[in-house]
Protein chains: 2
Amino acid sequence: MSWKYALGQYIKSPEKFPNDVTLDTPDFVVIKDAFPKSHIHYLVLPKAVKPDTHPLKAFEDDNLYEKTRAMVEKVEKMVAVEFIRTKGYSKDVKIQSGIHSVPSMNHVHVHVMTTDLSSPRLKNRTHFNSFRTGFFVPFRTIPDLKVPSLDAWMVSQEKLIKGDIVVDGENFGNKFAKAKRRLDEDFHKATIHGIPEEVEDDDYRVMEMIS
Amino acid sequence: MSWKYALGQYIKSPEKFPNDVTLDTPDFVVIKDAFPKSHIHYLVLPKAVKPDTHPLKAFEDDNLYEKTRAMVEKVEKMVAVEFIRTKGYSKDVKIQSGIHSVPSMNHVHVHVMTTDLSSPRLKNRTHFNSFRTGFFVPFRTIPDLKVPSLDAWMVSQEKLIKGDIVVDGENFGNKFAKAKRRLDEDFHKATIHGIPEEVEDDDYRVMEMIS
DNA sequence: GAATCATAAC
DNA sequence: GAATCATAAC
Ligand SMILES: Nc1ncnc2c1ncn2[C@@H]1O[C@H](COP(=O)(O)O)[C@@H](O)[C@H]1O
Ligand SMILES: Nc1ncnc2c1ncn2[C@@H]1O[C@H](COP(=O)(O)O)[C@@H](O)[C@H]1O
């Protein structure tokens, strides 16, 4: 099995990876991304898809899309809870779920992750742009996407990876290290490192969102 | 001022870097290493040395060596205290102080650091070997070093940088990423993440060492 | 996708 | 020294 098929091992033998597999149902396996690009980063893997299918192709199947949507939703709620539990309280837990326009790994997978991009594994511009540009396709936008030619679309989408690094509104050009510092600072500031007593009433909207 | 002389700024204008300068005396400035290779990593900079002097040349001056020794000792004690304060209790705080055989940066500087090499800034084999092979010259061994030809010695020492990565007794060859994982795990395990009540009597030897 | 190595330019 | 970019080999 070449590296391109590495995600297949979790589908084939989830029991072999108890530390990586978070959820194992008849139709899905949910794993921790082995190289998480944010503080929390999961992959949702539908089991019944041919390994080399492009996600947009796979999700033309309304039934698969709908089942995956339900699982993604479930994992999003887990992420919110886990974030609050492990990272201390935060005013708002921001989560993004979606696919890469041109996945490197086979086996259809949906990224479900916090949006911080504050992680030791975020090492280059490609990593950043793959999650913060149009190269990242939010899961909910998939049904309305109009992609006449998948191949042409992929070629076009791939250019987004090479573009300038933009954090918030600020353009960092090719200064990845500087942008990374910013992302790490932003995460640190956004996370409340105080005692629970300091939490204000209006900070509970996340708990409501996930309830 | 080219990058090679960047450490000179702390000597020239310590007041401009309050976040970096830990100690400023008539003869020394002590700074936090800007790219720390261990959890705690300081540089001791004697002020009265010409910028492009090799440390072994500078420390032939017994008076300078002795004054630096006293300052290094002082910083080592600070490091021990800081480690216990910030990283949680640990059974033994291991500290290494010394110079690189072939420094890249000018302005004589002595590294005073914990030995963990567990740091996001440790990024390659060169970093590792520069602190874990004979390329790193412990400060206390300097007076007894016999180096007839500094140039020849440096050429020879430089080869150590290219060697296999060895952690504890284990040879990691060129597998830096794997070695780094080990270093991070080791640090995590060595550091006690429990409550003070779990500390045993014989764990206080560090405090005695520094008292 | 990750990781090692080499190479400019600062 | 740090950082960006390109390149094999997996
Ligand atoms: N062996 C692996 N196990 C788990 N996750 C992986 C593995 N190899 C790569 N990944 C992750 O899989 C994702 C593949 O990205 P992409 O194909 O661009 O959607 C990335 O987020 C990787 O960090
Ligand atoms: N601008 C800087 N400020 C503080 N420390 C630095 C700076 N640039 C490099 N360093 C550190 O200086 C040390 C120089 O290493 P060396 O010359 O090999 O002894 C390394 O540990 C670097 O991380």
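Each chain gets a letter, A, B and so on, in the order the sequences are listed, and its residues count up from 1.
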Within the 4.0 Å heavy-atom criterion, would you say [X] contacts the bases, only the backbone, or no part of the nucleic acid?
X	result
Lys37(A)	sugar-phosphate
His127(A)	sugar-phosphate
Lys4(B)	nothing

Is the His111(B) to Tyr42(B) ring centre distance short of 6.0 Å? no
Flag the pair [X] / [Y] as yes when at least one side-chain heavy-atom distance between them is below 4.5 Å, and no otherwise.
X	Y	result
Phe172(B)	Val167(B)	yes
His54(A)	Leu150(A)	yes
Met113(A)	Ile95(A)	no

By the Watson-Crick or G-U definition, both distances under 3.5 Å, dG1(D) is matched with dC10(C)
In this structure, how many angstroms lie between the [atom2] atom of [N] and the [atom1] atom of [X], rounded?
X	N	atom1	atom2	answer
Lys123(A)	dA2(C)	NZ	P	8 Å
Asn124(A)	dA3(D)	CG	C1'	12 Å
Asp33(A)	dG1(C)	CG	C1'	9 Å
Ile99(B)	dG1(D)	CD1	C1'	16 Å

Near Lys94(B) NZ, under 6.0 Å, is it more than 12 heavy atoms from other residues, nucleotides or ligands? no
Ring pair (Phe, Tyr, Trp, His ring centres under 6.0 Å): pairs with one or both residues in residues 138-163 of chain A, sequence neighbours excluded: Phe59(A)-Phe139(A), Tyr65(A)-Phe139(A)
Can you build the contact string for nucleotides 4-10 of chain C? Use B for base contact, S for sugar-phosphate-only contact, and - for no protein heavy atom under 4.0 Å. SS----B
